[in-house]
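Working notes, structure below.
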Amino acid sequence: MKVLAINGSARKDGNTSILIHYVLGELRKQGIDTETLTLAGKKIHGCRACYKCFENKDNRCSMNDDLLNECLGKMIEADGMILGSPTYFTDVSPEMKALIDRAGFVARANGDLFKHKPGAAVIAVRRAGSIHAFDTINHFFLITQMVVPGSCYWNMGIGGREKGDVEKDEEGIRTMKVLGENMGWLLKKIRD
Ligand SMILES: Cc1cc2nc3c(=O)[nH]c(=O)nc-3n(C[C@H](O)[C@H](O)[C@H](O)COP(=O)(O)O)c2cc1C
């Protein structure tokens, strides 16, 4: 079993990465394989609304000049996924939104490719807007017929502007660990 984490932060090894790391650590303790893809510095365009995915039905986006189809292939293959994002102006990063729009359309155009896979959002925030970003990712999971595990709080880590600040948010770290435990539990139940 494998969980794919996609980090939508514009910077590598920042707070989103730290939070994802705690969730994946718990999954690995349960014998679940993990892989992380980071969108920082990579090209990923927004959807251009060509609707070719609904004509081609080949599990791919018609735009082939960026990272999306590689991400999509890994999302299709994975048993579960974590989508992580920092909060930017009370929402997800533009890279994460591009992934949601395009992967979501391709999944729906091809018979709900992510149906019944567990999916969890992970959000880094300095001060405000994390719930809105969390909701954006959960809307994607729910309309693609995925299953969303909970934690002991909503899945956010509160920190400052600097990389690593989120380590000081003890409750946030605990929330990530419980999320990892619950996601592992759910994955095994689905597989049973
Ligand atoms: C363009 C931009 C917009 C941001 N907007 C918000 C915001 O609306 N609310 C907030 O609390 N923090 C905001 N932040 C701060 C980040 O969410 C926060 O520092 C987060 O920990 C960064 O995660 P990272 O280290 O993974 O990049 C913003 C940062 C940037 C670069």
Side-chain angles (χ1 to χ4, degrees), residues 2-28 32-48 66-68 70-72 74-75 78 80-104 118-142 146 148-183:
K2 186 171 181 177
V3 169
L4 172 71
I6 302 183
N7 180 357
S9 175
R11 57 183 188 179
K12 271 191 187 161
D13 306 323
N15 295 316
T16 312
S17 167
I18 291 167
L19 295 169
I20 289 173
H21 176 82
Y22 281 108
V23 185
L24 297 184
E26 294 302 318
L27 288 163
R28 282 194 294 268
I32 294 162
D33 294 332
T34 64
E35 182 181 353
T36 306
L37 270 178
T38 176
L39 304 185
K42 309 270 174 56
K43 194 164 69 166
I44 181 155
H45 314 290
C47 177
R48 68 174 179 209
D66 67 6
L67 192 70
L68 193 275
E70 185 185 330
C71 291
L72 192 54
K74 289 179 187 283
M75 289 163 92
M81 66 184 94
I82 290 164
L83 298 185
S85 178
T87 306
Y88 285 175
F89 283 86
T90 76
D91 214 323
V92 295
S93 68
E95 291 82 1
M96 180 51 65
K97 187 63 167 74
L99 177 97
I100 285 174
D101 291 348
R102 289 170 63 197
V122 165
I123 306 295
V125 63
R126 187 185 70 81
R127 188 175 174 85
S130 49
I131 278 292
H132 191 211
F134 179 70
D135 290 347
T136 294
I137 295 177
N138 281 325
H139 292 153
F140 164 79
F141 291 145
L142 295 173
M146 293 176 67
V148 179
S151 185
C152 52
Y153 196 77
W154 298 293
N155 315 337
M156 66 182 72
I158 301 170
R161 213 176 65 177
E162 303 309 320
K163 288 182 177 183
D165 281 346
V166 80
E167 292 277 15
K168 294 176 212 141
D169 179 17
E170 267 176 51
E171 188 175 357
I173 303 301
R174 189 163 70 249
T175 303
M176 296 304 139
K177 290 182 176 174
V178 173
L179 176 64
E181 276 172 38
N182 290 346
M183 191 167 188

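Just so it is clear, the model here is predicted, and its values are computed rather than measured. Start at 1 with the first residue, then count along the sequence. Atoms within a ligand are numbered from 1 in the order they appear, just like the ligands themselves.
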Original post:
Using a heavy-atom cut-off of under 4.0 Å, does the side chain or the backbone of Arg11 touch ligand 1, or both, or neither?
Top reply: side chain
**OP:** Report yes if some N/O of Lys163 lies less than 3.5 Å from some N/O of ligand 1; otherwise report no.
**Re:** no
Subject >> Under 4.0 Å to a heavy atom of Gly14 - the qualifying atoms of ligand 1, by number >> reply: 25 (O), 26 (O)
Subject >> Partner of Val148 by side-chain contact (heavy atoms from CB on, under 4.5 Å), out of Asn138, Ile137, Asn155 >> reply: Asn138
Subject >> Sub-4.0 Å atoms of ligand 1 with respect to non-hydrogen atoms of Thr90 >> reply: 7 (C), 8 (O)
Subject >> Minimum-distance pair of heavy atoms, taken over all atoms of Met183 and Pro118 >> reply: CE-O, 3.5 Å
Original post:
Thr87 pairs by side-chain contact (heavy atoms from CB on, under 4.5 Å) with which of Asn15, Ile158, Ile131, Val125?
Top reply: Val125
Original post:
Does Ala128 reach ligand 1, in the sense of a heavy atom lying below 4.0 Å from it?
Top reply: yes
Original post:
Just how far is it from atom CE of Met96 to atom OG of Ser85, taken to the nearest 0.5 Å?
Top reply: 5.5 Å
Original post:
Does any N or O atom in Asn15 lie less than 3.5 angstrom from one in ligand 1, N or O only?
Top reply: yes
**OP:** State plainly whether the residues Lys42 and Glu95 are in salt-bridge range, i.e. N to O under 4.0 Å.
**Re:** no
**OP:** Identify, for atom 26 (O) of ligand 1, the protein heavy atom at the shortest distance, and state residue, atom and that distance.
**Re:** Thr16 OG1, 2.7 Å
**OP:** Please confirm whether Phe89 comes within less than 3.5 Å of ligand 1 when only nitrogen or oxygen atoms on both sides are compared.
**Re:** yes
**OP:** Provide the number and element of each atom of ligand 1 under 4.0 Å from a heavy atom of Gly160.
**Re:** 18 (C), 19 (O), 21 (O)
Original post:
Rounded to the nearest 0.5 Å, how far does CD1 of Ile6 lie from CG of Leu72?
Top reply: 9.0 Å
Original post:
What distance separates Thr36 OG1 from Leu4 CG, expressed to the nearest 0.5 Å?
Top reply: 7.5 Å
Original post:
Of all heavy-atom pairs between Met176 and Met156, which one has the smallest distance, and what is that distance?
Top reply: CE-N, 3.5 Å
Original post:
Can Gly129 be said to touch ligand 1, with heavy atoms closer than 4.0 Å?
Top reply: no
Original post:
Nearest to atom 14 (N) of ligand 1 by heavy atom, Val122, Asp13, Thr87: which?
Top reply: Thr87
Original post:
Which residue holds the protein heavy atom closest to atom 3 (C) of ligand 1, what is that atom called, and what is the gap in Å?
Top reply: Tyr88 CA, 3.5 Å
**OP:** Heavy-atom contacts with Pro86 under 4.0 Å: which atoms of ligand 1 show up? List them by number with element.
**Re:** 22 (C), 23 (O)
Subject >> ligand 1 atoms in contact with Arg127 (distance to a heavy atom under 4.0 Å) >> reply: 10 (C), 11 (O)
Original post:
Between Ala133 and Val92, what is the shortest heavy-atom contact and its length?
Top reply: O-CG1, 3.6 Å
